[in-house]
Amino acid sequence: MSDTPRRDGPARNDRPSGGRGGAGGARSAGGAGRGDSAGGRGDRRQGGSGSQSTEKRLWTKGGAPARGDRDAREREVPEDRDPFGIRSVRAYHEAPEIPDDVTPKQLDRVALNELKTLSKENAEGVAKHLVMAARLIEDDPQLAHSHAISAARRAGRIGVVRETLAITAYAIEDYALALRELRTYRRITGRDDQLPMMVDSERGLGRPAKALELGRSVPRSSLPVPVQVELAIAMSGARLDLQDAQAALVELEIPQLDPETAFSYSPGLFDAYATVLEELGRGAEAEQWFARAERAEEALDDLDGDDDMIEVVEEDVVGSDVVGSDGAAEKSTKETEAAVKNEDERHGATNTPTVQAEEDDHVDD
């Protein structure tokens, strides 16, 4: 089992109560930004003594004034000074103590491998903070967050470090920081496995429509199955935020919603489905799915860790009671499913560039 803090899906109808780190940096070592390059050339062609004083010049990576302009840094936009988005972890911070029994080898092997670019001493210190963050995330998320900050201050360009910081920020309901760190993590690693948490963070910031847009920005088929399930739960929650319970139900009606088989992600999916059914006034069906969620979780807890799938035997549920038996409800669900599908198809060609353009505005490589 990985020692990196994991995120469980939102419980039933719980909605988070709650940015983007890594604001865009300079796109050239000494030149103007993309939007200013044409204007800058035009000013120089026109000549005049005022052109040099109005031209925007950026601070170079090496720390020297751009084009010999000693005042360049004063005109540089603040975002260009933090291309890796580590300003949020640079404020004064007192590193929490690490118990003597904590060793770097307790960190997940994959995560530990990412730290090989660091010096040995620094890698060991960062690994210990990550181990502590994983150990404390459930019982003391605030202290876990402090350990994650300490790790990020020492290894801000490592993907697993920024991911851990995002997860602990989410745990303490700092959704703006969580979203910022997850975007930085995605930029560093190129991975979309934390997309569900990004969607939930948008919800936490009170932006369910934007959460849906973000969730549609990546093809579902490109995600691992457990991530697809978590994304469906998050998207369903966003639909509930918009007071559209029927569409929320459709978001959860995915192939993994199988009452006869339970995977590690099934309890959360069953529970979310039951919550939406309850919201729709279908109490009897909701109780059945709540019971399935409990049985699946109990059965998974009894496993020895070698398997992540079990067969669920239901002795007290007859076939006519399972979801879809009510003709009117089934018809309504199919109609809503078609509407949601059409909506997704309409947005599919336009939403992805919108989300990507927003990220490019804030983060530069």
Closest heavy-atom pair and its distance - [X], [Y]:
{"X": "A151", "Y": "H129", "result": "CB-CB, 4.0 Å"}
{"X": "R154", "Y": "E121", "result": "NH2-O, 3.8 Å"}
{"X": "V227", "Y": "D192", "result": "CG1-O, 4.3 Å"}
{"X": "A155", "Y": "L118", "result": "CB-CD1, 3.7 Å"}
{"X": "K128", "Y": "V102", "result": "CE-O, 3.7 Å"}
{"X": "A211", "Y": "V199", "result": "CB-O, 3.5 Å"}

* To do: Among M198, H145, M197, Q194, find the one that has a side-chain contact (heavy atoms from CB on, under 4.5 Å) with Y170.
  => M197
* Approximate separation, where rounding is to 0.5 Å, of L249 CG and T275 OG1 ->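 So the CG of L249 and the OG1 of T275 are separated by 11.0 Å.
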* Structure fact -> To the nearest 0.5 Å, atom CG of L130 lies from atom CG of D108 at 10.5 Å
* **Salt-bridge present (R220, E251; N to O < 4.0 Å)** => yes
* Asked: In terms of hydrophobic clusters joined by side-chain contacts under 4.5 Å, are Y185 and I158 together?
  -> no
* Please check if I172 and Y175 belong to a single hydrophobic cluster, counting links between Ile, Leu, Val, Met, Phe, Trp and Tyr side chain heavy atoms closer than 4.5 Å. => no
* Report yes or no: does T164 contribute a side-chain atom to a donor-acceptor pair with the main-chain N or O of V160 at less than 3.5 Å? => yes
* CG (D101) with more than 12 external heavy atoms under 6.0 Å ->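 More than 12 heavy atoms, drawn from other residues, nucleotides or ligands, come within 6.0 Å of this atom.
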* Asked: Going through the distances and angles, do R183 and E202 end up as a salt bridge (charged side-chain N to carboxylate O under 4.0 Å, His left out)?
  -> CA-CA 12 Å; R183 284 173 169 168; E202 287 285 9; 3.4 Å; yes
* Please name all residues satisfying salt bridge (charged side-chain N to carboxylate O under 4.0 Å, His left out) with D193, sequence neighbours left out, ordered by chain then number. => R191
* Below 4.5 Å, heavy atoms only, C-beta onward: do D258 and F263 meet side chain to side chain? ->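 D258 does not reach F263 side chain to side chain.
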